[in-house]
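I have placed the structure first, in the form of structure tokens, so that the comments after it can refer back to it.
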Amino acid sequence: VVGTDTEVIDTVGPPVSEEGAATPRAFIAGFTPTIRTLFFNSSPDVIQADSRTWTDIASWASKRATFEAASMWLEHRPMHERLLLDPHRALALAPAMLGAAVEQSRIAVIGGGGGSLPATLHHCLPKSAIVSVECDPEVAEVAQRFFNFHEDARLELKLQDGVEFMNDAAASQGRGYDIIIVDVASSVSGLGSAEEAETASAGGLQVPPPQFVAPEFLKAGGALKGALTDGGIAAFNVLAKSDEQSLLLEEIGRHFEHVCAFTLGPSSFSIIFASDSPGPSSIDHMQALLVKHLALDMATCNILLRDGAEWKTLPPRTT
């Protein structure tokens with residue numbers, strides 16, 4: 001346990017052999033792959049962040065060299081090996097929807113958590129500027145101490161409430177964000193009423209919290225649209241049963257011209273993408289965008305757009 005509500009758990013796998021699948025012998029042979037996981041004790045059934053790390057089973061004295069060698073190996077791995085959680089992999093699809101504009105995009109990740117998603121976007125989009133917004137200083141410290149999250153000229157950490165950050169961004173005179181990712185955890189939430197919140201444990205809407213899907217947040221002139229550039233993309237990580245997902249999809253569709261949902265197979269997670277510019281109409285269309293604008297190979301696309309996933313597009317909103 002790292003703090004009052006955060007817990008980091010390492011799950012150690014079998015040592016990688018010298019013939020380890022697709023792993024460079026000089027870097028990884030003899031190391032133990034470890035999956036580091038972040039949980040909030042207030043919602044212990046939801047994984048907040050996952051990261052791949054390594055330990056040297058031969059000598060703790062070489063721990064630093066081991067980490068550096070493993071980092072060099074990970075540096076050249078595709079997106080799906082840098083992001084282990086399916087919702088994070090799906091949220092990382094959003095940049096491809098910008099088309100050529102992704103080259104120098106500005107991206108805000110609301111709910112930085114362990115930092116895996118903003119750090120991966122920072123790595124995969126070398127000309128983009130990423131801001132990770134986290135309201136809990138304890139979680140931000142965990143990201144830096146245990147998940148190797150480090151700021152630089154293109155990756156910024158903001159310790160601020162997500163809605164407050166969005167209101168400030170909407171009120172500023174500067175350029176907005178091309179992509180805003182809402183990946184905010186909540187132990188119990190609903191679409192706004194106490195009765196709906198009480199049903200969360202029975203499978204209702206659990207993520208995101210209600211303030212991030214409220215009409216005043218989504219509407220024209222609200223915090224979200226005010227912080228987005230024209231034609232910008234909002235992406236929501238949603239954990240809910242199917243009927244609640246449908247209600248939320250319809251609510252977001254009242255405020256954006258084009259809305260689609262990527263449902264992650266049999267799980268209760270889905271990712272909702274919203275924009276006033278046309279988006280992908282199918283998984284095949286999304287795959288073509290990934291290949292063209294993120295230069296991903298077909299094998300990586302097939303993993304990101306995995307079997308059992310469903311793509312649902314709302315009819316364009318009529319005004």
Side-chain angles (χ1 to χ4, degrees), residues 2-7 38-43 46-49 87-88 91 94 106-119 121-122 129-145 147 149 151 155-194 196-197 200 205-229 232-240 248 251-252 255 271-272 274:
V2 178
T4 57
D5 191 41
T6 53
E7 184 171 0
L38 172 64
F39 290 93
F40 294 165
N41 294 322
S42 57
S43 49
V46 179
I47 298 174
Q48 304 298 333
H88 283 171
L91 288 166
R106 297 184 75 226
I107 303 173
V109 180
I110 312 301
S116 303
L117 178 57
L121 294 172
H122 168 267
I130 320 292
V131 58
S132 177
V133 182
E134 176 55 53
C135 67
D136 190 336
E138 183 180 288
V139 174
E141 181 184 356
V142 166
Q144 294 168 322
R145 286 181 57 194
F147 290 88
F149 179 91
E151 295 180 87
L155 180 60
E156 180 185 6
L157 173 65
K158 291 278 289 184
L159 282 172
Q160 190 176 10
D161 172 79
V163 173
E164 180 182 294
F165 169 84
M166 301 282 280
N167 282 322
D168 289 349
S172 73
Q173 298 301 311
R175 176 186 166 192
Y177 291 92
D178 303 291
I179 299 173
I180 295 175
I181 295 174
V182 179
D183 185 29
V184 183
S186 176
S187 55
V188 177
S189 68
L191 278 172
S193 71
E196 287 168 329
L205 180 69
Q206 298 180 55
V207 172
Q211 60 267 37
F212 291 96
V213 292
E216 57 268 24
F217 180 78
L218 299 170
K219 69 182 181 180
L224 179 58
K225 283 202 163 186
L228 277 171
T229 56
I233 298 162
F236 300 82
N237 184 8
V238 177
L239 173 58
L248 183 54
E251 178 61 36
I252 294 173
H255 305 282
I271 306 302
I272 296 177

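- Note that the CD1 atom of Ile181 and the CG atom of Leu117 stand 5.0 Å from one another [nearest 0.5 Å].
- Ring orientation note: the planes of Tyr177 and Phe165 are tilted relative to one another, at an angle of 30° to 60°.
- Rounding to the nearest 0.5 angstrom, the gap separating the CD1 atom in Ile110 from the NZ atom in Lys158 is 10.5 Å.
- Although no hydrogens or angles enter the test, the distance criterion places a donor-acceptor pair under 3.5 Å between the side chain of Glu151 and the main chain of Leu157.
- Side-chain contact between Asn237 and Ile271: present, with at least one pair of heavy atoms (C-beta onward) separated by less than 4.5 Å.
- Using a 4.5 Å heavy-atom threshold, the side chains of Asp168 and Gln160 count as touching.
- Asp161 contributes no side-chain N or O that, together with a main-chain N or O of Cys135, makes up a donor-acceptor pair within less than 3.5 Å.
- Summarising the geometry of Pro208 relative to Val213, their closest heavy-atom pair is CG-CG1, 3.7 Å, with the distance given to 0.1 Å.
- For the side chain to side chain contact (heavy atoms under 4.5 Å, CB included) with Leu121, the lone residue among Ile179, Leu91, Val109 that qualifies is Val109.
- To the nearest 0.5 angstrom, Ile107 atom CD1 is 7.5 Å from Asp178 atom CG.
- Looking at Arg175, its side chain never comes within 3.5 Å of a backbone N or O of Thr229 through a donor-acceptor pair.
- In this structure, Ile180 and Ala227 approach most closely via the heavy-atom pair CD1-CB, 3.7 Å.
- Here Ser132 contributes atom OG and Glu156 contributes atom CD; the two are 9.5 Å apart, rounded to the nearest 0.5 Å.
- When the side-chain contact (heavy atoms from CB on, under 4.5 Å) test is applied to Ala129, no partner is found at least two apart in sequence or on another chain.
- The two residues Ile252 and Ala274 have their closest heavy-atom pair at CG2-CB, 3.7 Å.
- Taking CZ from Arg106 and CD1 from Ile130, the interatomic distance works out to 10.0 Å, rounded to the nearest 0.5 Å.
- For the pair Met166 and Val133, the minimum side-chain heavy-atom distance is 4.5 Å or more.
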Open item on the list: Could you walk me through whether Glu251 and Leu218 satisfy the side-chain contact (heavy atoms from CB on, under 4.5 Å) test, starting with their C-alpha distance in whole Å, then the side-chain angles of each, then the deciding distance to 0.1 Å, before giving a yes or no?
Closed with: CA-CA 9 Å; Glu251 178 61 36; Leu218 299 170; 4.1 Å; yes

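- In this structure, Ala170 and Ala223 approach most closely via the heavy-atom pair CB-O, 3.8 Å.
- Between Ala143 and Gly115, the shortest heavy-atom distance links the atoms CB-N, 4.3 Å.
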